[in-house]
Amino acid sequence: MKHDLADSIKLAGDVIASGDECKLKENTTHGIFRIWCVIKNIIEIICDIIKRMKCLQRKAQKVCEVQHCLADRIESVNRFIGVYNSDQASKPSPDQSNWEAEKRRLESDYQASLNGYNARRAEYERSLQAYNNSNSNYASALASYNARKADYERRKREYEAGNNQQGGSTKWQEAWGTFQRNGAPLDVAMGGSPNGSVQGIDLSEAHRNGYGQGIGFTSKNNEGTIVDIQLNLLGYSYEAGVGGRLQGWYVQYGGTYDWYFDVYASTDGGNNYSVVQKDILLAKHADTQKLAYEPNWHLSTIKWNKTFTNLPANFTHLKVEVRGSNPGDRHQNVYTREQIIRAPFPPFTEQPPVNNATKPKPFNEQPPQRPTIPPKPEKKVETIPLIKGGCDLMDCKFDCFIDDK
């Protein structure tokens, strides 16, 4: 552009200098015109430059405003950075946070393992205590069972040895019979009962002296074929249809009063009887003896026993008669099998105690080891550097076309 303008001005001058003198005016006009054209171009260029400079000035003002905005933003960002850096300084570093988390995890795992161990050990101790208690209870129950069984065996031996009947001692029953002599004012009776009286005769005095119990049966085996029969009778006066009388005596006739015993058995419920044994002589009383309760009344009593070994195994009843050689008011005493034969000794049905407890296996588990926690790492603070401004800021209100002095 510079060389083009210079060449144009030089060319205009050359036109004027070398022009024909006859055409001076035309050449001058032409040269001046050329110069004007050049000057006009220069002016247009300057105007364009000024226009561009104003555009640049506006852009520079915008850049300045942007720079001021950036400075404000940078200041705001730096404040956030400062807060962040302060927070980072107060917080543990990532390594420390990881260390804390790992420590908590190790301690939590250890506590969980320890709790599980303690629970299993407590369960073992509970099971062991239950086992020991069961053994103790079993030993006590077994000792009690053995004591009851031993007592049962003792009672069974005594029972089977014939020392008792129907689970107890010989059971006495009432029995009586009479003797009549021709011309006697009253008959004579022999009787007894485990109760307080027999046929109206008070037996208290007789019982105190060991007389007047009646008839007793003692079974010697469970089949009932061997039975011991005992008689314990008191003599007293008897009036037929009325009963016993005290202050009686035997009527003297120069002989003895002989007493007999008859035993019969039935196997059909008491409908028919067969003789077991009869005419068994029990006693001979002198005709001078007194009866109850006159002096020496105890001489007019009967104490007798015999073991019968020939009873039918299936008998249902026994019938006995105590009688004189000349019976008066005949009386036969009937007894059922249940009153005579002991029932078989009941079996010992109790079962021995059972100890179902199982001893727990030994507890060999070891408690968990406390974890080894490494030293806490030193704190490492990672901060963000502040943003620094690039240059000093100027006032954005300026005009490059005003002389600022």
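Environment of CD in Glu44: crowded, with over 12 heavy atoms of neighbouring residues, nucleotides or ligands closer than 6.0 Å. Arg154 CZ: more than 12 foreign heavy atoms inside a 6.0 Å radius. For Arg105, the CZ atom is densely surrounded, since the number of other residues' heavy atoms within 6.0 Å is greater than 12. Within 6.0 Å of the CZ atom in Arg73, the count of heavy atoms belonging to other residues, nucleotides or ligands does not exceed 12. At most 12 non-hydrogen atoms from other residues, nucleotides or ligands lie less than 6.0 angstrom from NZ of Lys62.
Taking all atoms of both residues into account, the shortest heavy-atom contact from Ala206 to Leu234 is CB-CD2, 3.9 Å. For the residue pair Gly214 and Trp172, the shortest heavy atom distance occurs at O-CZ3, 3.3 Å. Leu291 approaches Tyr236 most closely through the heavy-atom pair CD1-C, 3.7 Å. Across every non-hydrogen atom of Ala175 and Leu233, the tightest pair is O-CD2, 4.0 Å. In this structure, Ala265 and Leu318 approach most closely via the heavy-atom pair CB-CD2, 3.8 Å. Of all heavy-atom pairs between Val198 and Ser193, the closest is CB-CB, 4.2 Å.
With contacts defined as side-chain heavy-atom distances shorter than 4.5 Å, the pair Cys55/Lys59 qualifies. Residues Asn195 and Leu203 form no side-chain contact, since every pair of their non-hydrogen atoms from C-beta on lies 4.5 Å or further apart. Side-chain contact between Val227 and Lys220 is absent, with no heavy-atom pair separated by less than 4.5 Å. Here the side chains of Val188 and Trp259 are in contact, with some heavy-atom distance below 4.5 Å. Contact of the Val38 side chain with the Phe33 side chain is not registered, since no non-hydrogen atoms from C-beta on lie closer than 4.5 Å. With contacts defined as side-chain heavy-atom distances shorter than 4.5 Å, the pair Asp187/Phe179 does not qualify. No side-chain heavy atom of Asp262 sits less than 4.5 Å from a side-chain heavy atom of Ile280. Looking only at side-chain heavy atoms (C-beta outward), Arg52 and Ile49 stay at 4.5 Å or farther from each other.
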Q: Using the side-chain contact (heavy atoms from CB on, under 4.5 Å) rule, take Trp176 and Gln199 through it: C-alpha gap first, then chi angles, then the decisive distance, then the call.
A: CA-CA 9 Å; Trp176 60 275; Gln199 292 188 296; 3.1 Å; yes

**OP:** Show the numbers, then the answer: is there a ring-ring contact (aromatic ring centres under 6.0 Å, His included) between Tyr131 and Tyr138?
**Re:** CA-CA 10 Å; Tyr131 171 77; Tyr138 170 74; over 10 Å; no

- [ ] Could you go through the side-chain hydrogen bond (donor to acceptor under 3.5 Å, both in side chains) check for Ser134 and Asn355 one step at a time?
- [x] CA-CA 7 Å; Ser134 178; Asn355 187 5; 2.9 Å; yes

Q. Given Ile302 and Tyr211, is the side-chain contact (heavy atoms from CB on, under 4.5 Å) satisfied, shown in steps?
A. CA-CA 8 Å; Ile302 294 176; Tyr211 297 100; over 6 Å; no

Inset, instruction - May I have the step-by-step check of side-chain contact (heavy atoms from CB on, under 4.5 Å) for Asn296 and Gln289, ending in yes or no? - result: CA-CA 8 Å; Asn296 296 319; Gln289 294 177 189; over 6 Å; no

Report task. Begin with the C-alpha distance, continue with both residues' side-chain angles, and end with the deciding distance and a verdict on salt bridge (Lys or Arg N to Asp or Glu O under 4.0 Å) for Lys376 and Glu100. Result -> CA-CA 8 Å; Lys376 187 175 182 179; Glu100 291 286 351; 3.3 Å; yes

### Steps toward side-chain hydrogen bond (donor to acceptor under 3.5 Å, both in side chains) verdict (Glu102, Asn98)
CA-CA 6 Å; Glu102 182 65 11; Asn98 293 338; over 6 Å; no

(request) Start with the C-alpha distance between Phe308 and Val263, add both sets of side-chain angles, then the distance that settles side-chain contact (heavy atoms from CB on, under 4.5 Å), and finish with yes or no. (result) CA-CA 10 Å; Phe308 291 81; Val263 180; 3.9 Å; yes

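Remark: side-chain polar atoms of Tyr250 are not paired, donor with acceptor, to backbone N or O of Ser300 under 3.5 angstrom. In this structure, Ser197 contributes its side chain and Asp202 its backbone to no donor-acceptor pair below 3.5 Å. In this structure, Thr309 contributes its side chain and Ile226 its backbone to no donor-acceptor pair below 3.5 Å. For the pair His317 (side chain) and Arg337 (backbone), a donor-acceptor distance under 3.5 Å is absent. A donor-acceptor pair under 3.5 Å links the side-chain atoms of Asn209 to the main chain of Glu205, judged by distance alone.
In summary, Glu365 and Arg121 do not engage in a salt bridge, as defined by a charged side-chain N under 4.0 Å from a carboxylate O. Under 4.0 Å is where a charged nitrogen must lie from a carboxylate oxygen, and between Glu123 and Arg120 no such pair does. Here Arg148 does not pair with Asp151 in a salt bridge; the nearest charged N to carboxylate O distance is not below 4.0 Å. Contact check on Asp258 versus Arg323 returns no salt bridge, with no Lys/Arg side-chain nitrogen under 4.0 Å from an Asp/Glu carboxylate oxygen. By the 4.0 Å N-to-carboxylate-O rule, Glu350 lies too far from Lys149 to be salt-bridged with it.
To the nearest 0.5 angstrom, Asn314 atom CG is 5.0 Å from Thr267 atom OG1. One distance of note links CG of Asn137 with CG of Leu142; it measures 12.5 Å at 0.5 Å rounding. Atom OG1 in Thr225 sits 9.5 Å away from atom CG in Asn310 (nearest 0.5 Å). Rounding to the nearest 0.5 Å gives a distance of 4.5 Å between CG of Asn271 and CG of Asp268. Put simply, OG1 on Thr301 and CH2 on Trp304 are 15.0 Å apart, with the number rounded to the nearest 0.5 Å. Rounding to the nearest 0.5 Å gives a distance of 10.0 Å between NZ of Lys319 and OG of Ser274.
Side-chain polar atoms of Arg208 and Ser204 form no donor-acceptor pair below 3.5 angstrom. Asp287 and Thr256 form no side-chain donor-acceptor contact under 3.5 Å, judged by distance and modelled atom types alone. For His331 and Asn333, the side-chain atoms include at least one donor-acceptor pair closer than 3.5 Å. A donor-acceptor contact closer than 3.5 angstrom links the side chains of Thr307 and Asp228. Side-chain atoms of Gln129 and Asn133 form a donor-acceptor pair, as typed in the model, at a separation below 3.5 Å. Checking Gln277 against Lys306 by side-chain atom types alone, a donor-acceptor pair falls below 3.5 Å.
A cation-pi arrangement is not found for Lys278 relative to Tyr260, the charged atom failing to lie both closer than 6.0 Å to the ring centre and inside a 45° cone about the ring normal.
Relative orientation of the Tyr117 and Phe363 rings is tilted, given thresholds of 30° and 60° on the angle between their planes. The aromatic rings of Phe217 and Tyr335 lie perpendicular to each other, with more than 60° between the two planes, well past the 30° mark.
In summary, the aromatic rings of Phe315 and Tyr273 are positioned with their centroids too far apart to meet the 6.0 Å limit.
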